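Keep in mind that what you see is a predicted model, and the values were worked out from it rather than measured. Numbered from 1 within each chain, the chains take letters A, B, ... in sequence-line order.
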There are 2 protein chains.
Amino acid sequence: MIHAGSISNTDRVEPHLLRTFVTVAALGSFSAAARQLGYTQSAVSQHIAALEGDLGVALLHRRPVEPTAAGQRLLDHAGPILRRMEAARADIRRAAGEPPGKVVLGGCPLALAGRAARALAEARRSLPGLEVSVRTAARDAVVGGVALGEIDLGLVDGIVAPSDPLRLHDADFLATAPVAEEPVALALPGEHPLATRSSVRLRDLADANWLDAPGIAAPLGELRAAAGTDDLRSALRYEGGDTRTLLSLVAEGHGLLLLPASALAGVQGVRAVPVSAPRLVHRTELVHGRTLGAAVSALAAALTR
Amino acid sequence: MIHAGSISNTDRVEPHLLRTFVTVAALGSFSAAARQLGYTQSAVSQHIAALEGDLGVALLHRRPVEPTAAGQRLLDHAGPILRRMEAARADIRRAAGEPPGKVVLGGCPLALAGRAARALAEARRSLPGLEVSVRTAARDAVVGGVALGEIDLGLVDGIVAPSDPLRLHDADFLATAPVAEEPVALALPGEHPLATRSSVRLRDLADANWLDAPGIAAPLGELRAAAGTDDLRSALRYEGGDTRTLLSLVAEGHGLLLLPASALAGVQGVRAVPVSAPRLVHRTELVHGRTLGAAVSALAAALTR
DNA sequence: TTATCTTACGAGAACCGTAATGATG
DNA sequence: CATCATTACGGTTCTCGTAAGATAA
C-alpha cells in the first residue's frame with residue numbers, strides 16, 4: 001500500500017503546460033503551437049515561462065526553437081505522462097459506462113490473420129448477436145488504442161525467446177494473455193543461395209541485407225535484442241501494413257525477413273528456411289483493459305483458447 | 001516521432017487533484033487528508049467534487065469513504081502518474097545541475113554484498129577523491145530512489161530464467177545494465193530431509209513451507225512466475241532487510257528459501273542444494289538515470305566490469 | 001449530539017487575450 | 001522590416017478558506 005505521505009508536491013507542472021511544451025517542441029515554434037492548440041502566442045509563451053520558472057531551468061533554446069538538454073529529458077517523460085492520463089480517463093469510462101454490445105478487435109497483421117481469424121469466426125458463430133469491428137495496425141498503435149479504450153481487444157505479436165513475454169511499452173497497466181507461439185523462419189527469394197539449406201543460424205547472416213518492416217514484422221532493433229546479434233543492417237524499409245506487398249518485396253530479393261513459419265506457407269516465390277539458432281519463436285499475445293464487459297470477455301476467451 | 005496533434009485535451013485532471021484523491025483514498029477520510037495535505041476539509045471536498053464532475057463518475061463512496069470501481073481504476077493510475085511527474089523533475093535536475101562529487105549507491109542486500117562490495121573497493125582505490133554513500137533497501141525502493149534522483153546508482157536483483165532481464169515496475173525510463181548472473185540454490189536447515197540431496201526440482205517442493213522475504217529474496221509471487229509453479233505457500237514472512245537474520249530463520253527451520261549460491265557459502269546451520277529445474281539464475285542489474293556525471297559513470301563502469 | 005462531508009460565498013490568485021515592446025535574421 | 005518571442009495590463013475565471021448547512025452514526 002502507498003503511504004499517503006509518500007507523494008509530495010508535484011504541483012505547478014500541470015498537464016496543459018506539458019501539452020503546450022510537447023507541441024512547441026514538436027513544431028519548433030511558439031506561434032505554430034499556439035495555432036494548433038487554439039491559444040494565443042502570448043499564452044504559449046506564458047506556459048513555457050511558467051514551466052521554466054517552476055523547474056528553474058531553460059527548457060527551450062529560442063531561434064531556432066529547440067529543446068535544451070533539460071527540455072529533452074522533460075520531453076521523454078511528458079508523452080508517457082500525458083498518454084497515461086488519457087488511459088486513466090479511458091479506464092474510468094470502461095469501469096463506469098455499461099459495456100457496449102459492439103466489440104473492436106485490433107491487431108498486428110500477423111497476429112490477426114490465420115489462427116485468430118479462425119477463432120474469431122468460431123466465436124461469432126457461438127455469439128450470434130455480437131457486432132465486431134476488426135482493424136490492423138502496428139504494435140504500438142494497437143497497444144495505444146487499447147490503452148485509450150478505442151480497441152477492446154488487441155492482438156500483438158513479436159519475436160522472442162521461447163516462453164518469454166512480449167515487451168510492450170507503456171502497457172504496465174494493461175492485462176496480457178499469451179495466445180500462441182510458433183516457430184520462426186527466414187523468408188528468402190526462391191533463387192537465393194541459402195534457399196536450399198535445411199536450416200540457418202542468425203549469426204551466419206550478420207552481413208546479409210534485411211528488410212525492415214516495423215508495421216508487420218519485428219522491428220530490426222527488437223530482432224537484434226532477441227537474437228543477441230548486434231549488427232543487422234537494413235537496406236530497404238517497408239512502412240506499410242500489407243503483408244502481401246511485403247512478401248512480394250522478399251520474393252523480388254529486396255532483403256531477408258524473419259516471420260512466423262505459417263505466414264510463409266505456400267507463398268509464391270518465397271522460400272522459408274527454419275532458423276536453428278538462437279532459439280526464437282513468434283509469439284502472439286492478447287492485450288486488454290482490466291475491466292471487461294461480457295461480450296468482450298467471451299471473445300477474449302475464444303481467442304486465447 | 002509523436003505528432004503534436006496526437007495529444008488531446010487531458011486538462012482538468014490536474015495533479016494536485018490526483019494527489020488529494022490518492023490521499024483521501026489512502027486515509028479513508030476527507031478531513032484526515034486535509035490535515036495531512038495542509039488544506040481545509042472544504043478544499044478537499046471541492047477537489048474530489050471537481051474530479052468527479054470532470055470525469056462524470058463517482059470516485060468515492062462516503063461514510064465510509066472507499067473508492068468506487070471507477071475510483072479504484074483511477075487509483076491504479078494516479079500513483080504511477082504522480083511518481084513519474086516527480087521522476088521528470090528529478091531527471092531535469094540531473095540534466096541541469098552540475099554533477100555532484102558525492103555518489104549515492106543504493107542496492108538490495110544480496111546485490112550489494114560480495115561482488116559489488118569488492119568492485120566498489122577497487123573503484124574507490126582508483127578514484128581517491130570519490131565520496132560515496134551506500135544504502136540497502138528493497139527493490140522497489142531502490143528503483144524509486146533512482147527515479148527520484150535520491151540514488152545515483154542502484155543495484156537490484158531477482159530470480160529469472162537465464163539471460164532474462166529483470167522485470168522492474170515503473171522503470172521504463174531508466175537505463176539498466178546487467179552486472180552478474182549466478183546459480184540459485186535452495187536454502188535448507190542442516191537437518192532437513194532434503195539437505196543431503198545433490199539437487200532438487202522446484203516442482204517437487206509444491207507443498208513445502210517457504211519463507212517470504214520480499215525485502216531480500218525474490219518475493220514469492222515473482223518466484224511463482226519464474227518457476228511456472230502456481231502454488232508456493234508461505235508460513236512466515238520476514239519484512240526486514242538483514243540477510244543474517246533471514247538466514248538464521250532458515251537455519252531454525254522456519255521455511256525454505258531460494259537464494260544465490262554464493263550467499264549461502266559457509267553459513268552456519270544452513271545447507272545449500274542446487275536447483276536442477278526449472279533453470280533459474282540470480283541476476284543482478286545496475287539501474288541509473290540516463291544522464292550520468294563523470295564520477296557516477298566511472299563507478300558504474302567499475303560495477304559492470 | 002458529534003464527527004464528517006457538502007454547499008454558499010467572497011477575497012485573492014491564476015489564466016489567457018489584447019496590445020505594446022523587444023530581438024533576430 | 002518582417003517574423004517571432006516576450007512583457008504589460010486587465011477582465012474573467014478558478015481556487016481555497018470561512019462559515020453555515022446537511023447527514024449519518
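Contact annotation: side chain of B:S42 to base of D:dT18, donor-acceptor pair present below 3.5 Å. One donor-acceptor pair, N or O on each side, does fall under 3.5 Å between the base of D:dG17 and the side chain of B:Q46. Contact of A:R63 with D:dC4 (side chain to base): a donor-acceptor pair of N or O atoms is detected under 3.5 Å.
Per the geometry, NE2 belonging to A:H47 stands 7 Å off C1' belonging to C:dC16, to the nearest Å. With rounding to whole Å, B:L51 atom CG is found 11 Å from D:dT15 atom P. The distance between atom CG of A:L37 and atom C1' of C:dC16, rounded to the nearest whole Å, is 13 Å. Distance, A:H16 NE2 to C:dC16 P: 5 Å, rounded to whole Å. In this entry the distance linking CZ of A:R35 with P of D:dT3 reads 12 Å, nearest Å. For the pair B:E66 CD and C:dC5 P, the interatomic distance rounds to 13 Å; values are reported in whole Å. Nucleotide C:dA23 holds its C1' atom 15 Å from the CD atom of A:Q41, rounded to whole Å. We find that CD1 of B:I48 is positioned 13 Å from P of C:dT7, with the value rounded to whole Å.
Here the two rings, on B:F173 and A:H77, have centers that are under 6.0 Å apart.
Across all strands shown, A:T40 has heavy atoms under 4.0 Å from base atoms, whether or not it also approaches the sugar-phosphate. Using a 4.0 Å heavy-atom cutoff across all strands shown, A:G38 reaches sugar-phosphate atoms only and no base atom. Heavy atoms of B:H61 sit nowhere under 4.0 angstrom from any nucleic acid atom. A:V44 comes within contact range of no nucleotide atom at all, as no heavy-atom separation falls under 4.0 Å.
A salt bridge links A:R139 to A:E222: one of the charged nitrogens lies within less than 4.0 Å of a carboxylate oxygen.
Between B:P64 and A:S31, the residue anchored closer to the 5' end of DNA chain D is A:S31, taking for each the nucleotide with the nearest heavy atom.
For C:dT6, one of the phosphate oxygens OP1 or OP2 lies less than 4.0 angstrom from a side-chain nitrogen or oxygen of B:S45.
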